[in-house]
Structures are given as C-alpha cells and as structure tokens.
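Remarks on the structure that follows.
We use all heavy atoms of the structure for the numbers below, so side chains are in, but hydrogens, waters and symmetry mates are not.
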Amino acid sequence: MTRSPSPGAPAGTAPSVLFVAPDRTRADAVAAALDRHDVSVTVEFDLGAALDRIDDRTVDCLLVPRQFGQHTAADVVALVRDRHPEVPVVLLGPDKAGDDGDGGGGDADPLAADAAVYRFSDDVDSISYDRLADRVRAAVARYRSSQAQRTERDIVSRLERRIQRTERKITSLHGVAMRLASASDADDIYEETVEAAERILNLDICFAFEAEADRFVPRAQSSTPTDRELRPVPKDAGAMGETFRTGESHRAVDMELHAFGRPEFGDYRSGLSVAIGSFGVFQAVSEQTGAFDEIDLELAELLVAHTNAALQRLNFERRLRVERDQYAALFENSADCIIDSEFVDGESVIRAVNPAFEATFGYDESEVVGRAIDDVVAPDDRREEAAKLTEMVRAGDFVQTEVRRRTADGEKDFLLRSVPVGENTIYAVYTDITARRDVEREVEAQNRRLDEFTSVVSHDLRNPLSVATGHLDIAREEVDNDHLAAVARAHDRMNALTEELLVLARQGTDAFATTSVSLAETAERCWENVETGDATLVVASDRTVVADAGRLHQLFENLMRNSVEHGSTGSRIPSDDAVEHGSTGNRTVSGDAVEHGPQSETGSTDGGDDAEDAANAEDAANAEDAVDDGDRLTVTVGALDDGFYVEDDGAGVPPELRSRIFDSGFSTGTAGIGFGLTIVSNVADAHGWTVSVGESDAGGARFEFTGVESEP
C-alpha cells in the first residue's frame, strides 16, 4: 500500500486514493491501471479498516463500488460522512436503476445532495481509466482547495482571536501602568508587576529581582510555588546577569539548549528574561519546552517598561524630595541673605526671604513679599544699575558682582549672585561684604599714606641728608675735629635707617616672581655686598631652591650683616669641614665647603640690625686689628632636608630673646635700628617658609628656613 500526502497538499502532488475493493481481482486491476495514470491507490478489503485509514488523514479520495457485499453505496457513504463530511467519494459502476454514466441519481437518490459524491457508471470490467483518473483528480483538486480554504479560515480565525486577546491584554496593561504610576513604594511596584504578569499575561510562574552591588535580590514572585525557595542570585549568574548587563531580553525555548543554562531557582525548561532598566530583572519560567512565543516576550517587555518608568519616577521623586529638603535647609540656614523671587511682568517679585535676609537687611518677610526686589533694596541712585542686572538675570545670564544696597540701617556692600532654581524662579543671594570693603578701603588709605611716606623718605629726607653730607666732607677737609667724625657716624646711621625703611615699605608692593636660585651663588654674591671685616663665609652645601631672587638677597644680606655686627671677638670653634682663611680675597674649597674672606670694603649702604655702635671709628678699627686669626667670625650657609640654614660661631641669641628677635624695631645693640631681622621674617613669610632661631654647634646664632621648595 502506498502512503500519500495529507489533504490540502500542493496542487502538483499525486492524488492518494483508497479503493474499498470487493475482491482481489478487481482491486489489482484498478490499482495497476490508476497507478499508470499517476494516481496512487491503496486497497482495503475491510470497510472498518478503510474508515480508520481515513481517520489518519492520509487519503485524498475514497473509491467505492456501487455494491459492497450487503452494503449499498449509500450505506458506505453514510458511514464515511458520519466521520468525514468532506472527503470525496467516487462511486464505481452503474446503479440499480441505471444511468448514463456521468449523471446523478434521480430526485429519490439519497446521495443527490452530497456534492462530494462523484458517480462513475462504467462497469468494472470495461472501465475507461483515463476518464476515471480525470474524475479522481478533479474531485481531489476540489477537496484540496476546500481544505486549504478551511485551513486558511482557521488560521485567520486563530490569529484574530490571538489579536483580540493581545489587544485585551494591552488594554489591561494600560490600567496596570496607571496603578504603577500612583504607587509610592518600590515593593508595591514589584508586586503589581508580578501580579499583572500572572493575571493578565498568563505567566504562571514569574519573579522580579532587584539589582544590588554584587547580587540580585528577589522582591516579588507569583502565587504559583517554585521548585526551590527564592534566594539572592550572584550578579553575573546566567541569563539574569546577561540580561541586566546588556539590557537585551532573552527567550529560552529549551533551557537545555540555551547558552546561559537553567535558572538558579528551579528545574524549568523554558523562560523569559527582561531587564527592568537599571533596577533589576523580570523573569517568567515554565516546566514545558517552548511555552513562550515572541508575543509573550513583547507583552512582558511592555509590562516591564511600565515597571521601569514607575521605578524611575519613584527614584526621581525621591531625589527631588532630597534636593527640595536640601534647598530648604540651605535657604533657612544659610549665612547669606537669600531672596526667592519670580518674574512677573518683567520684574523680579519677592516670594520669600530667609532669616539671614531679615537679620541683615532689617525687613520682616511679611513686609517685602509681593514687592519687586529693586523697590525694596536698591538705593535711588542705583536703580538704573539694578534694573540692568535684573534684565541680565531674566535673559538667563549668571550674575556675580559687587553691589551697594539699602537696608533698614543704611546702605551696605554686598556680593550679589543669581541662582536659577526653576523656569521662572531665581534666588538672589546677597553676601554682606561691608566689613571686608571697609578693610579694603582702609588698606587702600594706608597704602596711599605708605606711598606718601616712602616718597618723603626717598626724596625729602635723602636730599637734605645728601646736602649735609656734602658740607660735612668740605668741613672735614678744612677742619680736623672729633665732633665732625661723630656727625659722619650720625649721617651713616640716618642713611642706613632710610634704606631699611624703604626696604620694609616696598616689600608688600614689589613684584614677587619665583625662579630657580642657587644657595651657594646667592650667598657668595650677598657676602660681597656686605661689609664683613675679617669674617669668613663657608658654604657647607649647595641646593637649588624656588624663590624670588631679589628678596632672597635681602634675606641673606641682613642675616650676614646681623652675624658680623653681633659677632663676639671671643674664642670660636672652627668648622670641621673647611679650612678657613680670613685674608681679603682668599677662597679655599675643601670637600663641599667654600670659604670666602671679605671681598670689598664698599658694600651696601643698608644699615645692620642690632649692631653695637662703637664709640668712634678709630676704636672700631683698633678693635679689628686686635683680632687674631683664631678669633675671626665664621658664617656658614648650608642645606636642610626641606630648606636651608645660616649660622655663625658668634655670641648667639639668648633663649629669652629668641621669641622677640623678629619684632619690628627690636634691637639689643645701642646702634641697631631693629629692622634687619624683621625684613628676614617678612621675606620668609612671603615665600610661605617657616623661620626659627636657635643655637649653632659653636654656640652662635643659627637661623633655619623650612618648607622651602627645591629642585633636583
């Protein structure tokens, strides 16, 4: 027997005929003849077996003789129609009444109303198989067309029903979206999502997981129990981790074949995995393979999109509340004066003021709310300026400027800043800078007085001093008198005082520019500019520091002058690292130390700090002559880990005076004017250095400067 295609097969497929034969001879003859005409024939001798074969839907047409045993054609057709109303039946052979071979039966024919019954009246012994094959093919073609139409109608009907169900689900999801939009808690949102997936989308087993730092935590699950208890899942686990990481949804037809394997919480065969934005993952699972199609996935994505929107809205509202609370706290507790205003008809109208405004401006909130800011605080002579600022703020420009505004106690200076906090709302922030501006005005006045002072010192005092010095030189050429020497010394002190006063006055106004400076070169140059007598300079180590070269010169010259003028002629401890030479012009290098004798007797005219005033020049000269090589003063310059030092082996500074030594005007000598070490301290402060005074190993004074920036 031959198996044919199912009903509704393509038009070119050979018909499959089931021949219910009365005997073997006829069966073989008919089957062989139809096979030669491309009609596949299957033979059955049992009517019951034939009906079962039709049930298998492997038959396109039934070929039945007019008489089958005791059963007539009408009996056979009736049995077939009880189970298969549309399968075509071809009746083979003439009926009892006889007909023309192609016509139907009479009005009394019980088969006349059955359009799927075809009569072929040729006798079995004289059949025209060409005509029979044509009759079979025509019946099968009509049957197949009818079945195709039925199948198409069934598909359309199913699709229409599916579309209607989908539309109903989408409509129901809109209601879910409205409920999610009104939820005030994340737990409610997750619960509503899972409940909707179960009730509307018919996803019987589903879950919502929330993402934490390194794991997913279950937040809601459907009412259908899972195989295992839901527990936190690692952040990189399976489909859940991949879905969250990429944001792409996944549909597993068979989890055995899925790249990310089965869920962590049960033995399921298929599933859906959809990311809830940056908040977590929604999943639905089934014990059946292929339980979800693309429409299920799309509906789940639609539901989860509503969930994500609700969580984003909740998160935004939470941040908004925090920001609003922060704004409120800032507004209420700020030390600055803040006006909350909005633009009305081009004017910035006050809506509220903070306590700082009430305290500083002296106006109660009830007095100013509803009024334009400029009407309340802008002085009459500054209304035009205030109007321009208001227009700038209204145009969206950021305003930060100093203004003068009216308060209940008079006008004050403020720093005004505009802070937009909404589409039409502006915070006007006023910082009271009255005290600072008063100080700045006072400093400006002091600077003007200082300029006047330096002008007097540099011109009005120097000029008469130069005249007096010139006349003194002429007098000393004509008269030899000890009183004239005292006048000369007084002139020298006046000149030194003038120079140091100018240095102090200009320290705050001179340009300050740092550069790389060598300690050794600076020390050598400064030593040449200072009147050092027979003292010796030792550079124990060198370093390149970042400093203002001119001010570093001031520092070294004043320290060296201080050491020379206050050095004792008593015994001193010589340096271990250097061979010292006090003779003029000698320079010896030993290891890292460089020693210098005095280079010039015509050094700077700057006065020294705390110098002992000799009774007269002759006594001072005699005292210097009395000093032998063992009593010569040594000044040493060297580097520290974070700075440098200048020390000597002189008399040193008593501990009880070290805290006062940098005070302006402080001096321990009768001739000192007390400004030299003040200059040193000011130079250190200008660089951000720390200066301290102590005792050197030889018992002299040691000045250390730390916090100094160095270069390799």
Side-chain angles (χ1 to χ4, degrees), residues 169 173 176-177 179-181 183-256 258-288 291-294 296-319:
K169 290 179 180 180
L173 289 180
V176 173
R179 290 193 294 275
L180 290 174
S184 59
D185 184 82
D187 288 334
D188 295 340
I189 293 175
Y190 288 118
E191 290 289 349
E192 178 69 28
T193 299
V194 169
E195 192 275 336
E198 185 177 15
R199 176 175 54 85
I200 299 175
L201 305 186
N202 300 321
L203 303 179
D204 295 335
I205 307 176
C206 52
F207 325 92
F209 283 79
E210 186 175 58
E212 292 186 350
D214 57 352
R215 63 180 187 170
F216 296 104
V217 178
R219 296 296 300 273
Q221 68 181 90
S222 55
S223 58
T224 304
T226 60
D227 290 353
R228 291 200 298 268
E229 179 185 358
L230 288 184
R231 294 181 179 178
V233 176
K235 200 74 169 286
D236 57 353
M240 189 178 297
E242 179 69 12
T243 300
F244 183 78
R245 185 181 66 82
T246 63
E248 297 179 358
S249 301
H250 289 274
R251 180 172 67 94
V253 176
D254 187 347
M255 289 184 179
E256 293 286 353
H258 198 273
F260 306 114
R262 294 188 175 184
E264 298 288 331
F265 41 82
D267 188 15
Y268 298 101
R269 297 302 303 274
S270 59
L272 302 175
S273 186
V274 182
I276 312 175
S278 61
F279 298 100
V281 175
F282 170 84
Q283 288 193 329
V285 294
S286 174
E287 296 176 350
Q288 303 298 321
F292 308 104
D293 59 18
E294 286 295 333
D296 292 324
L297 179 60
E298 291 175 2
L299 289 173
E301 289 176 333
L302 177 60
L303 170 62
V304 169
H306 293 318
T307 304
N308 183 45
L311 290 171
Q312 285 183 331
R313 185 261 309 163
L314 201 66
N315 199 34
F316 174 76
E317 290 176 351
R318 186 181 299 112
R319 291 199 309 269

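Residues passing the side chain to side chain contact (heavy atoms under 4.5 Å, CB included) test with N202 are K169, sequence neighbours excluded. Partners of T193 by side-chain hydrogen bond (donor to acceptor under 3.5 Å, both in side chains), not counting sequence neighbours, listed by chain and number: T307.
Taking 4.5 Å as the limit, some side-chain heavy atom of R215 sits within range of a side-chain heavy atom of P232. A heavy-atom distance below 4.5 Å is not found between the side chains of F207 and P218. For the pair V281/S273, a side-chain contact is recorded, criterion being any heavy-atom separation below 4.5 Å from C-beta on. Looking only at side-chain heavy atoms (C-beta outward), I200 and L303 stay at 4.5 Å or farther from each other. At a threshold of 4.5 Å between non-hydrogen side-chain atoms, the residues S270 and V253 do not count as touching. Two residues are said to be in side-chain contact when any heavy atoms from C-beta on lie closer than 4.5 Å; S249 and T243 fail this criterion. Using a 4.5 Å heavy-atom cutoff, the side chains of R199 and V176 are in contact. You'll find the side chain of F209 reaches within 4.5 Å of the side chain of L230, heavy atoms only.
Closest approach of A183 to L314, counting heavy atoms only: O-CD1, 3.8 Å. Counting all heavy atoms, side chain and backbone alike, V194 lies closest to S222 at CG1-N, 3.2 Å. The two atoms that bring P234 and F216 nearest to each other are O-CD1, 3.7 Å, heavy atoms only. Here the shortest heavy-atom pairing between K235 and E212 reads NZ-O, 2.8 Å. Between D296 and F292, the closest heavy-atom pair is OD2-CA, 3.4 Å. Across every non-hydrogen atom of L180 and R313, the tightest pair is O-NH2, 2.7 Å.
Between D185 atom CG and Y190 atom OH the span is 10.5 Å, to the nearest 0.5 Å. Between the CD atom in Q288 and the OH atom in Y268 there is a gap of 12.5 Å [rounded to 0.5 Å]. Note that CG of L201 and CG of L173 are 5.5 Å apart. Values are rounded to the nearest 0.5 Å. To the nearest 0.5 Å, atom CG of residue L311 and atom CD1 of residue I189 are 4.5 Å apart. The CZ atom of R245 lies 15.0 Å from the CE atom of M240; values are rounded to the nearest 0.5 Å. To the nearest 0.5 Å, atom CD of residue E191 and atom CD of residue Q221 are 9.0 Å apart.
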Practice item. Just do the side chain to side chain contact (heavy atoms under 4.5 Å, CB included) check on F244 and D236 with the steps written out, would you? Key: CA-CA 9 Å; F244 183 78; D236 57 353; over 6 Å; no
Point to revise | Candidate pair L302 and H306, rule side chain to side chain contact (heavy atoms under 4.5 Å, CB included), full reasoning | key: CA-CA 7 Å; L302 177 60; H306 293 318; 3.8 Å; yes
Check your understanding: What's the verdict on side chain to side chain contact (heavy atoms under 4.5 Å, CB included) for F282 and C206, showing C-alpha distance, side-chain angles and the deciding distance?
Key -> CA-CA 7 Å; F282 170 84; C206 52; 3.7 Å; yes
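Salt bridge absent: R269 and E287 never bring a charged side-chain N and a carboxylate O closer than 4.0 Å.
Under the 3.5 Å distance criterion, with hydrogens and angles disregarded, a donor-acceptor pair is assigned to the side chains of S223 and E198.
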